[in-house]
K.L.:
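This is the structure I have questions about; it appears just below.
Just so we're clear, the structure is a prediction, and the values are computed from it rather than from any experiment. All values below were derived from every heavy atom in this structure, side-chain atoms included, with hydrogens, water molecules and symmetry-related copies excluded.
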Amino acid sequence: MPDTVQVDGSLDAFDRKILEELAENGRISVAELAEKVGLSKTPCQNRFKRLITEGFIQGFKAILNPAKMNLDHIAFAEVKLTNTQEDALNSFNAAVRKIKEVEECHMIAGRFDYLLKIRTRDIKKYRLVLGERISNLPYVASTSTNVAMETVKERG
């Protein structure tokens, strides 16, 4: 099988397997990765480098333990905007990226415009972040909060 992305731009079975293995363990050695996906070391390393260069792999990071860092309070804030024209969306997007407690921000098609995942040490800190930072973001009309009682599955 060729050591490149297929003509139609899709990934072949080896590429997909490499990505699956790396998603589970980003610290795996190239030799171990090659063994797991059924390639020799050099073709595996070439594919690995190409997947990075072509943007399939965006980077590597440490997965921190939020409980050890006293950051195990998770809230999901539904945010409704007063204006959803492109300039307003861009303004909101730029501002929300600056709030470190916001782990994720998703534009939603539904009864509200954005869903934010916010991680803080406790409900008191969350109230401060919501009241002083999120509610003051550009074009925010209203927010509604859902607090996570337990995390059953989370991808790191």
Side-chain angles (χ1 to χ4, degrees), residues 1-79 81 84-121 125-126 129 133-134 137-140 143 145-156:
M1 202 169 268
D3 198 37
T4 61
V5 173
Q6 296 175 1
V7 177
D8 66 358
S10 65
L11 301 173
D12 67 18
F14 287 115
D15 291 335
R16 286 190 294 279
K17 184 68 176 160
I18 288 169
L19 294 173
E20 288 172 18
E21 291 295 333
L22 289 170
E24 287 298 312
N25 180 5
R27 293 180 59 123
I28 191 171
S29 70
V30 173
E32 189 178 350
L33 179 62
E35 184 179 320
K36 285 188 176 236
V37 301
L39 290 170
S40 61
K41 185 178 174 185
T42 300
C44 183
Q45 188 165 31
N46 290 341
R47 285 172 177 266
F48 174 74
K49 288 178 181 177
R50 179 182 45 75
L51 290 167
I52 292 171
T53 301
E54 293 178 358
F56 289 97
I57 299 170
Q58 293 182 326
F60 296 89
K61 64 180 180 178
I63 299 170
L64 307 178
N65 182 335
K68 292 265 187 193
M69 299 173 63
N70 197 25
L71 292 172
D72 50 358
H73 181 270
I74 300 171
F76 294 90
E78 299 170 358
V79 178
L81 301 183
T84 56
Q85 292 179 338
E86 201 62 31
D87 286 347
L89 297 175
N90 290 337
S91 188
F92 176 86
N93 294 347
V96 79
R97 285 185 185 105
K98 296 176 184 175
I99 301 175
K100 68 178 174 123
E101 291 87 356
V102 176
E103 283 191 348
E104 297 178 18
C105 175
H106 304 273
M107 184 185 289
I108 301 294
R111 60 180 168 44
F112 53 92
D113 300 306
Y114 285 91
L115 180 66
L116 280 53
K117 178 182 177 187
I118 302 151
R119 186 181 294 275
T120 57
R121 70 177 171 263
K125 177 64 175 174
Y126 172 74
V129 171
R133 313 244 349 252
I134 294 168
L137 289 172
Y139 303 100
V140 171
T143 63
T145 297
N146 297 287
V147 176
M149 293 171 42
E150 178 182 359
T151 299
V152 176
K153 180 180 178 183
E154 187 171 58
R155 193 170 211 167

K.L.:
With rounding to the nearest 0.5 angstrom, report the CD1 to CE distance, Ile74 to Met149.
P.N.:
13.0 Å

K.L.:
Between Arg133 and Glu101, is there a salt bridge with N-O shorter than 4.0 Å?
P.N.:
yes

K.L.:
Can you name the nearest heavy-atom pair linking Arg47 to Leu39, along with the distance?
P.N.:
CD-CD1, 3.6 Å

K.L.:
Apply the test side-chain contact (heavy atoms from CB on, under 4.5 Å) to residues Lys125 and Val129: give CA-CA distance (whole Å), side-chain angles for both, the deciding distance (0.1 Å), then the verdict.
P.N.:
CA-CA 6 Å; Lys125 177 64 175 174; Val129 171; 4.1 Å; yes

K.L.:
Could you give the distance from CZ (Arg119) to CG (Asp72), rounded to the nearest 0.5 Å?
P.N.:
7.5 Å

K.L.:
Taking Leu81's backbone N and O only, do any of them form a donor-acceptor pair with Asp113's side chain (distance below 3.5 Å, no angle check)?
P.N.:
yes

K.L.:
Return yes when atom CD of Glu35 has more than 12 non-hydrogen atoms of other residues, nucleotides or ligands closer than 6.0 Å, and no otherwise.
P.N.:
no

K.L.:
Hey, does Arg16 have a side-chain heavy atom less than 4.5 Å from the side chain of Leu19?
P.N.:
no

K.L.:
Nearest 0.5 angstrom please: Glu54 CD to Leu11 CG, how far?
P.N.:
8.5 Å

K.L.:
At their closest point, which heavy atom of Arg121 faces which heavy atom of Asn70, and how far apart are they?
P.N.:
CB-O, 2.9 Å

K.L.:
Taking all non-hydrogen atoms of both residues into account, name the closest pair between Phe76 and Ala148 and its distance.
P.N.:
CE1-CB, 4.2 Å

K.L.:
Could you measure the distance from the CG atom of Leu137 to the NZ atom of Lys98? Nearest 0.5 Å is fine.
P.N.:
10.5 Å

K.L.:
Ile57 versus Phe60: any side-chain heavy-atom pair under 4.5 Å?
P.N.:
yes

K.L.:
A quick test of your reading: do over 12 heavy atoms of other residues, nucleotides or ligands sit less than 6.0 Å from CD of Glu104?
P.N.:
yes

K.L.:
Any heavy-atom pair between the side chains of Tyr126 and Ile118 that's under 4.5 Å?
P.N.:
yes

K.L.:
Are there over 12 heavy-atom neighbours, none belonging to Asp87, within less than 6.0 Å of that residue's CG?
P.N.:
no

K.L.:
Which pair of non-hydrogen atoms, one from Phe112 and one from Val79, has the smallest distance, and what is that distance?
P.N.:
CB-O, 3.8 Å

K.L.:
Is there side-chain contact between Ile28 and Lys36, with at least one heavy-atom pair below 4.5 Å?
P.N.:
yes

K.L.:
Apply the test side-chain contact (heavy atoms from CB on, under 4.5 Å) to residues Leu89 and Tyr139: give CA-CA distance (whole Å), side-chain angles for both, the deciding distance (0.1 Å), then the verdict.
P.N.:
CA-CA 8 Å; Leu89 297 175; Tyr139 303 100; over 6 Å; no

K.L.:
Taking 4.0 angstrom as the limit, do Asp15 and Arg50 come out as a salt bridge?
P.N.:
yes

K.L.:
Show your working on side-chain contact (heavy atoms from CB on, under 4.5 Å) between Phe14 and Cys44 and close with a plain yes or no.
P.N.:
CA-CA 9 Å; Phe14 287 115; Cys44 183; over 6 Å; no

K.L.:
If the threshold is 4.0 Å, N to carboxylate O, is there a salt bridge linking Lys17 and Asp12?
P.N.:
no

K.L.:
Answer yes or no: is there an ion pair linking Glu154 with Lys117, defined by an N-O contact shorter than 4.0 Å?
P.N.:
yes

K.L.:
Rounded to the nearest 0.5 Å, how far does CD of Glu32 lie from CG of Asn25?
P.N.:
7.0 Å

K.L.:
Check the pair Val147 / His73 against side-chain contact (heavy atoms from CB on, under 4.5 Å), numbers first and verdict last.
P.N.:
CA-CA 8 Å; Val147 176; His73 181 270; 3.8 Å; yes

K.L.:
Working to the nearest 0.5 angstrom, can you tell me the gap between Ile134 CD1 and Tyr114 OH?
P.N.:
13.5 Å

